[in-house]
Amino acid sequence: MRRYHPYYIVCFAIAFIAMCLGCSDFIDPQQQAHDLFEQSKQYKKEKDVERQVTTLMQAYDLLPQIDDPALASQICQALGNAYMYREIYDESLAYSREAVNYALQEEPHGKQLSLAYSQLGRTFAECYKADSAQVYFEKALDQTMLLQDTTEIAVGYGQLSVAYRVSKDYAKALEYAKHELDIYLQHGDSSYIPQAYYTIGATYYYMGQLDSAKVCFEKALNTQNLYTIQGSYQALYHINRKLGNLAEAIEYNQLNNTMKDSIANMARDEMLAEMQVKYDNEKLLSEQRQQKLHN
């Protein structure tokens, strides 16, 4: 029987312990990317765009190490969305295209492909490239129909309606907007219905059909969304002024101005609250650093 020198036994033992310690410190890149992505959602809620993008970029850097096309697509979509709202459209388009490529790797193609197409379409719409927006909104709608996702199908119709309205194809815009409304009335969440009426009202307005537009904007007021209410008041002011209903026009103009003030005050309060949260966080970090130095 072969004997090992005690020195070698000790070396093997040390190496084994070191290996075990190394394994215990191992962090799964896929789990890390997932955690960073979830953390970025919180920063988005807090409207801390800088931290949101920084966290998403950390997750993005881990993508070559993971094998999860759906998660990779979500991360790229979030980056595309963040850059879109910052009006950095070249970056938004690049990440949105990458999101589509990752979603296409998922077998079978799932909801992420539809969402990725939608994100790419929205970026093109923000760039006023209506033709490209229509192409990707149609791709998104086709995918949601395959998945039989009723709510997303309605959203797809609404997106196409806006794209066709931007390109001044009002007949198509109205057709898709009515499809959206029909789905919400039959199957969808009732909270979406006022926004669908708003979309139809805007289309009628651009078509010059002011009476129909007025009816739709009045129905759009049945919501808790302050922006939809304010937009509807503003539209109803212009419609009644053009129709010669001066008393109603004055009333809606006053309501519009009041709602604008409310939204401005709400935005100011949110900004002050965010500043307070950041101040509290920085103060806490400073106190922790001082405590560490003291210790």
Side-chain angles (χ1 to χ4, degrees), residues 41 44 70 73-74 77-78 80-81 84-85 96 99-100 103-104 106 108-207 209 212-232 235:
K41 292 181 182 178
K44 183 180 180 181
S73 181
Q74 285 179 298
Q77 287 173 53
N81 186 266
M84 181 185 74
Y85 281 108
S96 298
V100 169
L104 286 168
E106 189 181 16
H109 299 332
K111 187 175 181 178
Q112 291 309 318
L113 182 57
S114 169
L115 296 175
Y117 280 141
S118 290
Q119 176 56 50
L120 191 51
R122 285 196 300 274
T123 306
F124 276 120
E126 287 287 324
C127 300
Y128 298 100
K129 296 180 179 178
D131 291 342
S132 297
Q134 288 168 20
V135 168
Y136 288 103
F137 284 151
E138 285 171 355
K139 286 178 179 288
L141 181 59
D142 289 343
Q143 180 63 20
T144 54
M145 285 185 167
L146 288 174
L147 297 171
Q148 298 182 344
D149 188 328
T150 305
T151 301
E152 289 299 323
I153 289 171
V155 170
Y157 282 134
Q159 290 175 332
L160 274 169
S161 174
V162 173
Y164 277 110
R165 194 173 73 223
V166 171
S167 64
K168 298 183 179 180
D169 187 343
Y170 299 127
K172 276 281 188 184
L174 187 60
E175 176 188 344
Y176 283 117
K178 286 183 175 180
H179 283 320
E180 178 191 22
L181 177 60
D182 288 343
I183 291 175
Y184 288 142
L185 289 172
Q186 293 175 25
H187 308 288
D189 187 334
S190 60
S191 63
Y192 292 120
I193 293 174
Q195 185 58 44
Y197 276 118
Y198 186 96
T199 302
I200 295 174
T203 306
Y204 275 131
Y205 181 84
Y206 285 110
M207 294 172 76
Q209 298 184 26
S212 297
K214 180 180 177 182
V215 171
C216 291
F217 281 121
E218 287 172 345
K219 290 182 178 180
L221 290 171
N222 187 28
T223 180
Q224 295 181 346
N225 188 313
L226 299 184
Y227 296 96
T228 301
I229 294 171
Q230 186 267 316
S232 298

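- Two residues are said to be in side-chain contact when any heavy atoms from C-beta on lie closer than 4.5 Å; L174 and M207 meet this criterion.
- The backbone N or O of L141 lies less than 3.5 Å from a partner atom in the side chain of T144, making a donor-acceptor pair.
- Of the inter-residue distances, the one linking L147 atom CG with K111 atom NZ reads 9.0 Å to the nearest 0.5 angstrom.
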inquiry  = Quick one, Q143 with E152, criterion side chain to side chain donor-acceptor pair (under 3.5 Å). Give me CA distance, side-chain angles, the key distance, then yes/no.
reply    = CA-CA 10 Å; Q143 180 63 20; E152 289 299 323; over 6 Å; no
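- Aromatic ring centroids of Y197 and F217 lie 6.0 Å or more apart.
- Atom CG of D182 has more than 12 neighbouring heavy atoms from other residues, nucleotides or ligands inside a 6.0 Å radius.
- Residue L120 holds its CG atom at 12.5 Å from CG of L115, rounded to the nearest 0.5 Å.
- Applying the side chain to side chain donor-acceptor pair (under 3.5 Å) criterion to R165, with sequence neighbours excluded, gives no partner residue.
- No side-chain heavy atom of T223 sits less than 4.5 Å from a side-chain heavy atom of Q195.
- By the 6.0 Å contact criterion, NZ on K44 is open, its count of non-hydrogen atoms from other residues, nucleotides or ligands being 12 or less.
- When the side-chain contact (heavy atoms from CB on, under 4.5 Å) test is applied to K41, the partners found at least two apart in sequence or on another chain are F37, E38.
- The shortest heavy-atom contact between A163 and A133 is CB-CB, 4.5 Å.
- Note that CG of D142 is 13.5 Å distant from CZ of F137, once rounded to the nearest 0.5 Å.
- Between the S232 side chain and the T228 main chain, a donor and an acceptor come within less than 3.5 Å of each other.
- Closest non-hydrogen pair, A196 versus Y184, comes out as CB-CD1, 4.0 Å.
- Listed for the S167 side chain is a donor-acceptor partner under 3.5 Å among the backbone atoms of Y164.
- Between Y206 and Y170, the ring planes are parallel. Angles under 30° get that label, and only those over 60° would be called perpendicular.
- In this structure, the separation between OG on S96 and CG on N81 is 8.0 Å, given to the nearest 0.5 Å.
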task = Walk me through it: do L113 and E106 pass the test side chain to side chain contact (heavy atoms under 4.5 Å, CB included)?
result = CA-CA 8 Å; L113 182 57; E106 189 181 16; over 6 Å; no
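- Looking at heavy atoms from C-beta onward, T203 lies in side-chain contact with S161 at the 4.5 angstrom threshold.
- No donor-acceptor pair closer than 3.5 Å links the side chain of S114 to the backbone N or O of G110.
- Counting all heavy atoms, side chain and backbone alike, Q159 lies closest to S118 at OE1-OG, 3.4 Å.
- Here the side chains of Y192 and T151 are in contact, with some heavy-atom distance below 4.5 Å.
- One distance of note links CD1 of I153 with CG of D149; it measures 6.5 Å at 0.5 Å rounding.
- Note that the NE2 atom of H187 and the OG1 atom of T150 stand 6.0 Å from one another [nearest 0.5 Å].
- What you find for L160 and E138 is that their closest heavy atoms are CD2-CG, 3.6 Å.
- Looking at Y198 and C216, their side chains never come closer than 4.5 Å, going by heavy atoms from C-beta outward.
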